[in-house]
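Step one of this worksheet: look at the structure below.
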Number of protein chains: 2
Amino acid sequence: MMSKTSKELLEQFRSQCKARGLSITPQRTAIYEALIGSQDHPRTEDIYNRVKTAFPDMSIDTVYRTLCLFAEIGFVHLVEGYGEAKRYDPDTECHHHFRCMRCGRILDFREPRFDALDVPERFKQNCAVSNIKVVLEGVCDHCLQKTVES
Amino acid sequence: MMSKTSKELLEQFRSQCKARGLSITPQRTAIYEALIGSQDHPRTEDIYNRVKTAFPDMSIDTVYRTLCLFAEIGFVHLVEGYGEAKRYDPDTECHHHFRCMRCGRILDFREPRFDALDVPERFKQNCAVSNIKVVLEGVCDHCLQKTVES
DNA sequence: TACTATATAAGAATGATTCTTGTTCAGCAA
DNA sequence: TTGCTGAACAAGAATCATTCTTATATAGTA
């Protein structure tokens with residue numbers, strides 16, 4: 001999934017922080033490591049729980065602030081959602097999502113045919129489009145199964 | 001934008017409610033009318049404000065419940081968002097969104113080339129895909145302009 | 001017209017997130 | 001190495017969106 005080793009990513013994290021004049025704190029480092037170690041689409045609280053072992057008295061506010069900062073910088077992507085808690089995507093390479101509208105599950109998929117979609121002229125000219133993605137909405141296999149059972 | 005007149009839509013609303021055993025209350029009717037009269041992507045509170053004139057003591061909880069119900073039924077679509085308040089889309093026909101990641105603005109667009117995207121086999125077989133859409137993320141013209149000014 | 005299940009209003013409760021304030025610390029300079 | 005300063009942090013209060021609880025009202029039906 002990740003094309004770089006976590007060591008390389010950490011080095012990149014440090015240099016990017018420096019380049020932007022951001023302090024490299026133990027908290028930020030821990031949050032970054034928790035992110036790149038995630039295979040899912042964690043909410044802020046998930047990351048908080050994952051770093052809490054190593055940092056028992058980290059404030060959850062720090063996690064909120066840091067993830068928000070990381071999303072702005074591009075270290076992580078904010079996942080499109082439907083009004084629940086924000087979820088982040090450590091995979092910043094082009095991919096797409098299936099979203100279960102019943103349980104909220106997110107399934108990633110790669111689809112080269114979708115990666116090269118051409119941005120309409122109108123947006124190309126007036127806006128700065130940083131990402132283009134396809135979202136499938138529906139009901140996942142788990143939820144379909146539950147429906148059948150009941 | 002709407003291919004049916006609001007009178008036709010209201011009639012459809014009534015028959016759909018009946019078919020599902022749902023009471024046709026003045027509140028639901030007002031909320032439905034506010035929805036089909038919207039050219040934007042209103043939040044629950046926006047709809048609440050729009051019906052408040054006619055129903056000064058409608059509870060906002062009713063608006064929450066009703067919009068949620070309407071989304072389940074398909075009278076309205078829930079818009080993909082980024083952790084802020086839910087937003088609804090009265091336009092249930094196939095279209096796509098540009099999303100400004102700075103101010104949250106949503107721009108609709110039609111793009112026939114995007115409407116016919118083929119759902120990957122994996123989802124076709126195991127999941128019930130009800131909607132496929134393209135999301136452009138970026139910074140809108142307004143926000144770009146502000147950046148230039150400052 | 002009366003009945004009953006459904007829907008509603010009001011306000012309390014919850015969950016996610018942000019703000020405020022005082023403290024700590026990373027990065028830089030002496 | 002030490003001291004300084006602005007940035008970052010912890011803690012808890014505050015806010016915002018949403019849901020829940022409960023008592024009342026009403027739509028649809030008998």
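Numbered from 1 within each chain, the chains take letters A, B, ... in sequence-line order. In what follows, every heavy atom counts, from backbone to side chain, and hydrogens, waters and symmetry copies are set aside.
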Estimated bend of the helix from dT1(C)-dA30(D) to dA30(C)-dT1(D) (axis per five terminal pairs, rounded to 10 degrees)
30°

Ranking dT19(D), dA8(D), dT8(C) by distance to the side chain of Arg28(B), first place goes to dT8(C)

In short, salt bridge (charged side-chain N to carboxylate O under 4.0 Å, His left out) pairs touching residues 17-38 of chain B with sequence neighbours left out are none

Between Ile47(A) and Pro42(A), is there a side-chain heavy-atom distance shorter than 4.5 Å?
yes

Partner set under side chain to side chain donor-acceptor pair (under 3.5 Å) for Glu45(B), not counting sequence neighbours:
none

Taking distance alone, no hydrogens or angles, what donor-acceptor pairs closer than 3.5 Å link side-chain atoms of residues 70-79 of chain A to residues at least two apart or in another chain?
none

side-chain contact (heavy atoms from CB on, under 4.5 Å) against Asp118(B), all qualifying residues, sequence neighbours excluded
Arg113(A), Lys124(B)

Starting at atom CZ of Arg87(A), determine the distance to atom C1' of dA16(C), rounded to an integer number of angstrom.
15 Å

Could you work out, with side chain to side chain donor-acceptor pair (under 3.5 Å) as the rule, every residue matching Arg50(A), not counting sequence neighbours?
Ser38(A), Asp40(A)

Sorted by chain and residue number, the side chain to side chain donor-acceptor pair (under 3.5 Å) partners of Lys133(B) (sequence neighbours excluded) come out as Glu137(A), Glu80(B)

If I take atom CD1 in residue Ile31(A) and atom C1' in nucleotide dC9(D), what distance separates them, rounded to the nearest angstrom?
11 Å

Taking DNA chain D as the partner, which of residues 45-81 of chain B come within under 4.0 angstrom of it by heavy atom?
Glu45(B), Asp61(B), Tyr64(B)

Polar pairs (N or O, both sides) under 3.5 Å between protein and nucleotides 27-30 of chain D?
unit_1	atom_1	unit_2	atom_2	d
dG28(D)	OP1	Ile24(B)	N	3.0

Taken in chain and number order and not counting sequence neighbours, the residues that satisfy side-chain contact (heavy atoms from CB on, under 4.5 Å) with Arg102(A) are Cys100(A), Val139(A), Cys143(A), Thr147(A)

Side chain to side chain donor-acceptor pair (under 3.5 Å) against Thr62(B), all qualifying residues, sequence neighbours excluded
Arg65(B)

Set of residues satisfying ring pair (Phe, Tyr, Trp, His ring centres under 6.0 Å) with respect to His95(A), sequence neighbours excluded
His97(A)

